[in-house]
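One structure below.
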Amino acid sequence: ELPDGVFAVIFDKNEMEATGYAQCMADYLNKRVFVVEFFKTDKNPPARWTPDGVLEIRAEKAKVMESLENAESLMKPCEGDDKTVWVPVRAAFRYVTIAPWTRIPVITKTLVLNPIISCLAGGRNK
């Protein structure tokens with residue numbers, strides 16, 4: 001069973017292409033899709049994984065409130081910032097191409113489209 005949460009595209013290059021994927025998802029799902037940079041060298045990444053495999057993203061609280069009916073019960077505060085929150089991701093498109101296995105686990109509760117196993121098996125990143 002998928003966790004409650006938002007939809008997202010996580011990426012580490014080519015923001016224009018990533019936003020295109022997000023717009024296609026948004027059109028198909030009729031939902032907001034968050035676009036999140038997830039760089040290998042980021043000291044304070046805007047995405048993280050819970051111990052049980054749920055992707056969480058840092059997002060503007062107002063946008064999360066607009067996106068989910070049950071937002072209040074899902075949001076976690078960001079330390080030192082009352083305008084952003086951590087929110088779980090129900091499904092994400094992975095456009096992380098530079099050593100994605102350093103940031104994305106093989107087994108997740110969040111549905112990851114373009115899963116990491118394809119990279120580990122020797123397939124292309126897309």
Side-chain angles (χ1 to χ4, degrees):
E1 185 172 317
L2 295 176
D4 285 337
V6 297
F7 296 95
V9 171
I10 54 175
F11 75 99
D12 63 356
K13 69 174 190 172
N14 199 339
E15 184 175 5
M16 184 178 290
E17 193 170 350
T19 57
Y21 290 133
Q23 186 60 55
C24 288
M25 287 175 62
D27 289 347
Y28 181 79
L29 297 167
N30 198 28
K31 302 276 187 188
R32 178 189 301 266
V33 176
F34 291 82
V35 180
V36 181
E37 295 178 325
F38 198 12
F39 297 114
K40 183 177 179 182
T41 58
D42 196 337
K43 300 290 186 233
N44 187 22
R48 66 185 186 186
W49 295 91
T50 66
D52 63 342
V54 176
L55 175 62
E56 293 180 331
I57 60 169
R58 190 172 49 233
E60 290 180 40
K61 184 176 183 177
K63 289 182 180 179
V64 174
M65 296 293 289
E66 293 170 359
S67 303
L68 293 172
E69 289 180 20
N70 58 342
E72 285 289 345
S73 66
L74 296 175
M75 296 184 302
K76 298 177 186 173
C78 287
E79 193 169 317
D81 184 357
D82 62 350
K83 293 184 180 178
T84 60
V85 294
W86 288 103
V87 64
V89 176
R90 184 172 178 80
F93 180 81
R94 177 193 67 88
Y95 192 51
V96 174
T97 60
I98 301 167
W101 49 87
T102 63
R103 287 156 283 160
I104 302 167
V106 174
I107 299 171
T108 66
K109 284 192 178 175
T110 295
L111 175 64
V112 178
L113 306 168
N114 192 15
I116 194 69
I117 196 71
S118 60
C119 293
L120 297 173
R124 297 294 298 168
N125 290 320
K126 301 195 257 182

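Note that the structure is a prediction, hence the values are computed from the model and not measured.
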Quiz prompt | Side-chain heavy atoms of Phe11 within contact of Val35, under 4.5 Å | solution = yes

Quiz item: Any side-chain heavy-atom pair from Val112 and Ile10 closer than 4.5 angstrom?
Solution: no

Exercise. Please report the closest heavy-atom contact between Ile57 and Ala8, naming both atoms and the distance.
Key: CD1-CB, 4.4 Å

Quiz item: Has the side chain of Arg94 got a donor or acceptor atom that lies under 3.5 Å from a matching backbone atom of Asn114?
Solution: yes

Quiz item: Quick one: salt bridge (Lys or Arg N to Asp or Glu O under 4.0 Å) pairs with a partner in residues 23-45, sequence neighbours left out?
Solution: Arg32-Glu66

Quiz item: Taking all non-hydrogen atoms of both residues, which atom of Val89 and which atom of Thr110 are closest, and how far apart?
Solution: O-OG1, 2.8 Å

Quiz item: To the nearest 0.5 Å, what is the distance between CG (Leu55) and CH2 (Trp86)?
Solution: 9.0 Å

Quiz item: Would Val6 end up clustered with Val36 when hydrophobic side chains under 4.5 Å apart are linked, directly or stepwise?
Solution: yes

Exercise. Using the test salt bridge (Lys or Arg N to Asp or Glu O under 4.0 Å), find all partners of Arg103 that sit at least two apart in sequence or belong to another chain.
Key: Asp12

Exercise. Could you pull out all residues at least two apart from Glu15 that satisfy salt bridge (Lys or Arg N to Asp or Glu O under 4.0 Å)?
Key: none

Quiz item: So which pairs with a foot in residues 32-64 pass ring pair (Phe, Tyr, Trp, His ring centres under 6.0 Å), sequence neighbours left out?
Solution: none

Quiz item: Mind checking what makes ring pair (Phe, Tyr, Trp, His ring centres under 6.0 Å) contact with Phe93, not counting sequence neighbours?
Solution: Tyr21

Quiz item: Given the rule in the side-chain contact (heavy atoms from CB on, under 4.5 Å) test, do Val96 and Ile104 qualify, once you have shown the distances and angles that lead to the verdict?
Solution: CA-CA 9 Å; Val96 174; Ile104 302 167; 4.0 Å; yes

Quiz item: Taking only residues two or more places apart in sequence, or in another chain, which ones meet Ala26 in a side-chain contact (heavy atoms from CB on, under 4.5 Å)?
Solution: Gln23, Val33

Quiz prompt | Check: Asp52 and Lys109 side chains under 4.5 Å, non-hydrogen atoms | solution = yes

Quiz item: Can you name the residues that form a salt bridge (Lys or Arg N to Asp or Glu O under 4.0 Å) with Lys61, not counting sequence neighbours?
Solution: none

Would you give me the side-chain donor-acceptor pairs under 3.5 Å for residues 72-81, sequence neighbours excluded?
from: Ser73; atom 1: OG; to: Asn70; atom 2: O; distance (Å): 2.8
from: Lys76; atom 1: NZ; to: Glu56; atom 2: OE2; distance (Å): 2.6
from: Asp81; atom 1: OD1; to: Lys83; atom 2: N; distance (Å): 2.9
from: Asp81; atom 1: OD2; to: Thr84; atom 2: OG1; distance (Å): 2.8

Practice problem: Sequence neighbours left out, what passes salt bridge (Lys or Arg N to Asp or Glu O under 4.0 Å) with Asp82? Give chain and number order. | Solution: none

Exercise. Check the hydrophobic clustering (I, L, V, M, F, W, Y; side-chain heavy atoms under 4.5 Å; chains of links allowed) and say if Val54 and Leu113 are grouped together.
Key: no

Exercise. State yes or no: do Met25 and Leu2 share one hydrophobic cluster built from I, L, V, M, F, W and Y residues joined by side-chain heavy-atom distances below 4.5 Å, directly or via other members?
Key: yes

Quiz item: Excluding sequence neighbours, so at least two apart, what forms side-chain hydrogen bond (donor to acceptor under 3.5 Å, both in side chains) with Thr19?
Solution: none

Quiz item: Ala91: what forms a side-chain contact (heavy atoms from CB on, under 4.5 Å) with it, not counting sequence neighbours?
Solution: Phe7, Leu111

